[in-house]
Chemist: 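Below are the structure tokens for one structure; questions will follow.
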There are 2 protein chains.
Amino acid sequence: MTATDDHIDRLPAPALTRPTSQAERVADMLRTFIIEGELAPGVRLSEERLSRKYQVSRNTLREAFRLLSRERLLVHRMHRGVFVARPTGEDVRDLFRARRALELPAVREADRAPRELVEAVGAAVTEGEAARAEEDWWRMGSANMRFHEALAGLARSARVDEFMRQVLAETRLVFHVMAAPKEFHDPYLPWNRRIHLALVAEDTEDAAAELTEYLATSEEQLIRAFDAMDPAAET
Amino acid sequence: MTATDDHIDRLPAPALTRPTSQAERVADMLRTFIIEGELAPGVRLSEERLSRKYQVSRNTLREAFRLLSRERLLVHRMHRGVFVARPTGEDVRDLFRARRALELPAVREADRAPRELVEAVGAAVTEGEAARAEEDWWRMGSANMRFHEALAGLARSARVDEFMRQVLAETRLVFHVMAAPKEFHDPYLPWNRRIHLALVAEDTEDAAAELTEYLATSEEQLIRAFDAMDPAAET
DNA sequence: GATTGCAGTATTGTTCAACGATCCAACAAT
DNA sequence: ATTGTTGGATCGTTGAACAATACTGCAATC
């Protein structure tokens with residue numbers, strides 16, 4: 001190793017472009033379709049038709065299915081096939097218990113977290129406000145998800161981050177179960193801002209209190225919407 | 001539905017014996033081997049040899065691999081195969097951050113949890129003490145895992161429970177990375193009992209304080225052991 | 001009329017053999 | 001010592017095949 005090799009140390013970054021398998025690519029597509037609601041909860045995904053449509057073998061497709069069912073976006077029923085997950089009211093309760101477990105302690109620790117993590121929270125709120133100004137409800141929903149992802153991120157654990165992403169993806173499914181009015185996220189935007197301001201002010205207890213209330217309200221609203229739903233639809 | 005159908009309502013339970021696929025059975029075997037240390041961290045699992053050994057096709061085996069890599073027990077490297085995960089020092093820190101995020105808030109909420117969940121904590125401690133009396137170190141380790149699983153269980157979320165199980169399984173791998181002396185769990189047993197007693201007394205803050213100290217001590221010990229390890233072994 | 005029994009059909013579960021793609025170790029060339 | 005090349009091993013993916021299971025509809029039964 002000569003002195004001229006120092007160039008290398010100064011290079012951009014360890015290129016994160018890890019090779020991706022075909023199964024992962026198919027899974028990425030399906031994940032998008034599911035989260036965006038193009039594949040409605042409960043529909044069955046036929047192996048034969050999908051493998052023909054996306055030009056992959058059944059084996060490869062099944063591998064993609066496995067990736068997605070580990071994220072709870074698909075459910076696999078023996079000899080019956082895979083279906084887009086259809087969260088129940090109980091799932092909603094469970095999801096919110098999980099979110100409380102993840103988000104609240106993270107917020108309480110916020111004063112020990114590096115500044116840029118708090119800034120990520122603020123950025124998500126700002127993004128949400130911008131989306132609202134343009135009445136882009138889908139983007140607003142995404143920003144709201146990122147807001148909560150950023151909150152959990154304050155715990156600074158990669159594993160917690162990943163778990164949180166799964167929980168939020170599932171939460172998103174919930175909105176599709178009931179034809180969700182886009183304005184669902186709307187009332188929560190100012191709440192997000194308040195939480196962020198409390199974090200910046202390092203008043204973590206205030207932030208936690210706001211978040212507690214937020215979660216309770218949001219959960220209650222979702223549960224109400226579920227109970228109002230036609231139970232027969234839960235085939 | 002006639003009146004005589006009431007028998008059905010009185011039947012034992014919804015038999016949870018869901019049909020299990022071949023891939024799941026293989027995954028179960030491998031999981032046991034990994035957690036018990038028969039498959040050391042870092043070793044590569046050859047598709048061809050394993051498929052011959054367990055009389056399943058390569059495709060089915062790959063299905064099992066996917067299941068285990070979602071639990072982070074195996075890592076999949078493109079075109080190189082799957083390997084038993086080999087947690088690093090950074091992983092240990094991450095695991096403990098995750099455990100703090102999960103266990104501490106669960107403990108703080110313990111006064112709102114049903115009694116049987118607290119009893120599950122006590123049962124795990126008792127089991128650990130019994131195992132120690134018999135000098136069954138492996139059983140003692142298992143009991144310790146169940147203790148922490150029970151703590152996280154106080155949050156009453158199925159998703160949190162599953163996440164915690166994964167975190168604990170990985171933690172178990174950590175012990176295999178460094179040829180762990182069986183006495184590793186030993187000093188922690190009295191601690192577990194103190195935490196349980198605090199829970200029974202509904203002194204959740206005391207329990208949380210003890211647990212915080214416990215986790216800090218345990219993490220520090222593991223990190224020290226990691227740093228003392230031959231770095232060359234981390235190929 | 002409701003339940004049960006029994007086809008036939010469609011779909012999934014699993015296997016197998018094959019081929020291209022990629023990695024890796026060993027060697028040769030500079 | 002570094003770089004290019006080669007060959008073997010293993011993975012990624014495919015397509016076809018057969019077995020196992022679930023679903024549908026209809027006939028038989030009470």
Side-chain angles (χ1 to χ4, degrees), chain A residues 1-9 11 14-15 17-30 39 42-70 74-86 235, chain B residues 1-9 11 14-15 17-30 39 42-70 74-86 235:
Chain A
M1 180 171 310
T2 70
T4 59
D5 277 347
D6 293 348
H7 304 290
I8 298 179
D9 296 340
L11 245 54
T17 165
R18 79 154 189 286
T20 161
S21 75
Q22 190 121 232
E24 284 180 78
R25 279 192 294 275
V26 175
D28 286 343
M29 297 190 51
L30 293 178
L39 285 171
V43 307
R44 173 160 151 274
L45 302 183
S46 158
E47 292 188 356
E48 202 224 333
R49 281 201 291 167
L50 276 178
S51 68
R52 239 183 312 113
K53 180 159 186 117
Y54 294 122
Q55 302 287 325
V56 296
S57 79
R58 271 182 63 210
N59 282 321
T60 303
L61 182 65
R62 287 164 66 87
E63 203 149 322
F65 283 170
R66 269 168 248 137
L67 293 174
L68 291 171
S69 45
R70 99 169 158 196
L74 297 181
V75 297
H76 188 150
R77 285 193 273 179
M78 248 324 221
H79 289 113
R80 264 175 265 185
V82 299
F83 303 76
V84 178
R86 183 208 289 284
T235 311
Chain B
M1 179 173 307
T2 70
T4 58
D5 278 344
D6 293 347
H7 304 292
I8 297 181
D9 297 338
L11 245 59
T17 166
R18 77 149 188 287
T20 162
S21 76
Q22 190 121 232
E24 282 181 79
R25 280 192 294 275
V26 175
D28 287 342
M29 297 188 53
L30 293 178
L39 285 172
V43 308
R44 173 160 151 276
L45 303 182
S46 156
E47 291 188 355
E48 201 225 334
R49 280 201 291 169
L50 278 178
S51 69
R52 240 184 310 114
K53 182 160 184 115
Y54 294 122
Q55 301 287 324
V56 296
S57 80
R58 271 180 63 210
N59 282 324
T60 304
L61 183 65
R62 287 163 66 86
E63 197 154 330
F65 283 170
R66 295 290 187 186
L67 294 175
L68 292 172
S69 46
R70 97 163 161 203
L74 296 181
V75 296
H76 189 144
R77 284 194 272 179
M78 240 336 213
H79 289 113
R80 266 175 266 185
V82 299
F83 303 76
V84 178
R86 180 208 292 283
T235 311

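All chains are named by letter (A, B, ...) in the order of the sequence lines, taking the proteins before the strands, and each is independently numbered beginning at 1.
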Chemist: For D:dC11, take OP1 and OP2 only and decide whether either is under 4.0 Å from a side-chain N or O of B:Arg44.
Modeler: yes
Chemist: Just the rounded figure in Å: distance from P of C:dT15 to CD of B:Glu47.
Modeler: 14 Å
Chemist: May I have the distance from A:Leu61 (atom CG) to C:dT14 (atom C1'), rounded to whole angstrom?
Modeler: 16 Å
Chemist: Looking at C:dG13, I'd like to know if its phosphate oxygens (OP1 or OP2) sit under 4.0 Å from a side-chain N or O belonging to A:His76.
Modeler: yes
Chemist: A:Asn59 side chain: which of C:dT12, D:dT14, D:dC11 is closest?
Modeler: D:dT14
Chemist: At under 4.0 Å, does any side-chain N or O of B:Thr60 touch on OP1 or OP2 of C:dG13?
Modeler: no
Chemist: Examine D:dC11: is either OP1 or OP2 under 4.0 Å from a nitrogen or oxygen in the side chain of B:Arg62? Give yes or no.
Modeler: no
Chemist: Minimum heavy-atom separation for A:Leu67 to A:Ala27, with atom names?
Modeler: CD1-CB, 4.1 Å
Chemist: Would you mind reporting whether A:Phe83 and A:Arg77 have side-chain heavy atoms less than 4.5 Å apart?
Modeler: yes
Chemist: Take atom CE of A:Met78 and atom C1' of C:dG13, then tell me their distance rounded to the nearest Å.
Modeler: 7 Å
Chemist: What's the closest nucleotide to the side chain of A:Ser46 if the choices are C:dT14, D:dG12, C:dT12?
Modeler: C:dT12
Chemist: Nearest to the B:Val56 side chain among D:dT21, D:dT10, C:dT15, which nucleotide is it?
Modeler: C:dT15
Chemist: Answer whether the closest heavy-atom distance between the side chains of A:Val82 and A:Val75 falls below 4.5 Å.
Modeler: no
Chemist: Check the distance between D:dG12's P and A:Arg66's CZ and give it to me in whole angstrom.
Modeler: 12 Å
Chemist: Between B:Arg80 and D:dG12, is there a side-chain N or O to OP1/OP2 distance below 4.0 Å?
Modeler: no
Chemist: Among C:dT14, C:dT12, D:dG12, which nucleotide has an atom closest to any side-chain atom of B:Ser57?
Modeler: C:dT14
Chemist: Report yes if at least one side-chain N or O of A:Gln22 is closer than 4.0 Å to OP1 or OP2 of D:dT14; otherwise report no.
Modeler: yes
Chemist: Calculate the interatomic distance between B:Leu74 atom CG and D:dC11 atom C1'; express it in whole Å.
Modeler: 15 Å
Chemist: Rounded to the nearest angstrom, tell me the gap between atom CD in A:Glu63 and atom C1' in D:dG15.
Modeler: 16 Å
Chemist: Using modelled atom types only, decide if a donor and an acceptor are shared between the side chain of A:Arg44 and the backbone of A:Arg80 within a distance under 3.5 Å.
Modeler: yes
Chemist: Between C:dA18 atom P and B:Glu48 atom CD, what is the distance in whole Å?
Modeler: 14 Å
Chemist: Over how many whole Å does the gap from A:Arg58 atom CZ to C:dC16 atom P extend?
Modeler: 16 Å
Chemist: State, yes or no, whether a side-chain contact exists between B:Val26 and B:Leu50 at a heavy-atom distance under 4.5 Å.
Modeler: no
